[in-house]
Structure formats: C-alpha cells, structure tokens
**Q** 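This is the structure I want to talk about, given as structure tokens.
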Amino acid sequence: MTTLSGDDFESAVVSVIDSLKPGDIISYGEVAAEAGYPGAARAVGRVLKGSTGLPWWRVVTSTGRLVPGHEVEHERLLEQENVIVLNGRVVR
DNA sequence: TATCTGACGATAG
DNA sequence: CCTATCGCCAGAT
C-alpha cells in the first residue's frame, strides 16, 4: 500500500550517513542526493538535528564549511576522526 | 489546505 | 573573503 511517510526520507539519510567511515566527509547536498532526494539538503539538516546517534559531524556544507552555530563542537569532533580543520573549514 | 521554519546551495554584490 | 538574497525540499503547526 502507499504507506508513504517522511520516515522513508529520514531512513535513507540515516543509511547514507551510517555508511560513512571515520575520516569520510560529505556535504548535505551529497547526502540528499545519495539518499535519493537531490536538492533536499535542507531536509537533511533537519534529520541530523533531530536524530541522535548519527555521526552528523561527518557532514559539512557544500563549501567545506562547518555547521553554523556548532563550529567549535564540529571542529573538535572532526579532529577525533583524524580530520584537519583550519579556519572553520575542512581540509581535504 | 495554507503558511512558516530550518545543522542548505548557489549566485550576486 | 564576507554578507545578502533567492530557490529547493521536507516537516511542523
């Protein structure tokens, strides 16, 4: 039956992020595209914000910028994954 | 059903 | 390089 729910979108996003490995960085738009919802970068941010247990720190903005409002926390978490962050930007 | 919001993306200035 | 504006999508009220 057509039991469509936003849960499908969240599940897809969670699956993509959970598939990432330590040190692997991806942008919101990339996550949305991989989840099957290209252009839904904003919706992805909503999932990260409301979902716990997800490595949200592996997700950065398209320009490699850290998450606004969480730059300090984000940078610290990335360093734990062997990721170098300079000036609020991820070094790749 | 309509309207607003938001851990975004891209472009313009 | 930084700020501002528009556009896109899904969820919440």
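Atom set for the values below is all heavy atoms of this structure, side chains included, hydrogens, waters and symmetry mates excluded.
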**Q** Using a cut-off of less than 4.0 Å, is there contact between a side-chain N or O of A:S62 and OP1 or OP2 of B:dA10?
**A**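 Answer is yes, contact under 4.0 Å.
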
**Q** Please state how far atom NE2 in A:H74 lies from atom C1' in B:dC8, giving the value in whole angstrom units.
**A** 14 Å

**Q** State the OG-CD distance between A:S27 and A:E34, to the nearest 0.5 angstrom.
**A** 9.5 Å

**Q** Would you name the heavy atoms of A:P22 and A:E81 that are closest together and state the gap between them?
**A**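 Minimum heavy-atom contact is CB-OE1, 3.0 Å.
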
**Q** Nearest whole Å is fine: how far is B:dA7 C1' from A:R76 CZ?
**A**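 Answer to the nearest Å: 17 Å.
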
**Q** Using heavy atoms to find the nearest nucleotide of DNA chain C for A:R89 and A:A41 separately, return the residue whose nucleotide is more 5′.
**A**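 Residue closer to the 5' terminus by nearest nucleotide: A:R89.
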
**Q** Among B:dA7, B:dG9, C:dA10, which nucleotide has an atom closest to any side-chain atom of A:Y37?
**A** C:dA10

**Q** Who is the Watson-Crick or G-U wobble partner of C:dT3, with both distances under 3.5 Å?
**A**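 Checking every strand shown, C:dT3 finds its partner in B:dA12, with both distances under 3.5 Å.
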
**Q** Could you tell me the separation between the CZ atom of A:R58 and the P atom of B:dA7, rounded to a whole number of Å?
**A**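 Between P of B:dA7 and CZ of A:R58: 22 Å.
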
**Q** I need the CG-P distance between A:L66 and B:dC8, as an integer number of Å.
**A**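 Rounded to the whole Å, the gap is 12 Å.
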
**Q** Choosing from C:dG11, C:dC2, B:dA7, which nucleotide comes nearest the side chain of A:E10?
**A**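 Nearest to the side chain of A:E10 among the choices is C:dG11.
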
**Q** Nearest whole angstrom, please: distance from the C1' of C:dC9 to the CZ of A:F9.
**A** 7 Å

**Q** Report which part of the nucleic acid A:G69 touches: base, sugar-phosphate, or nothing (heavy-atom distance under 4.0 Å, all strands).
**A**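 A:G69: no heavy atom of the nucleic acid under 4.0 Å.
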
**Q** Starting at the 5' end of DNA chain C and moving along, which residue's nearest nucleotide shows up first, A:R46 or A:R42?
**A** A:R42

**Q** In whole Å, I'd like the distance from the CD1 atom of A:I26 to the P atom of B:dC8.
**A** 15 Å

**Q** Search all heavy atoms of A:V44 against all heavy atoms of A:A32 and return the closest pair with its distance.
**A**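 Reported closest heavy-atom pair: CG2-CB, 3.6 Å.
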
**Q** Which heavy-atom pair separates A:W57 from A:L78 by the least distance, and what is that distance?
**A** O-CD2, 3.1 Å

**Q** Mind calculating the distance between OH (A:Y28) and P (C:dA10) to the nearest angstrom?
**A** 17 Å

**Q** Tell me whether A:H74 contacts the main-chain N or O of A:L66 through its side chain, where contact means a donor paired with an acceptor under 3.5 Å.
**A** no

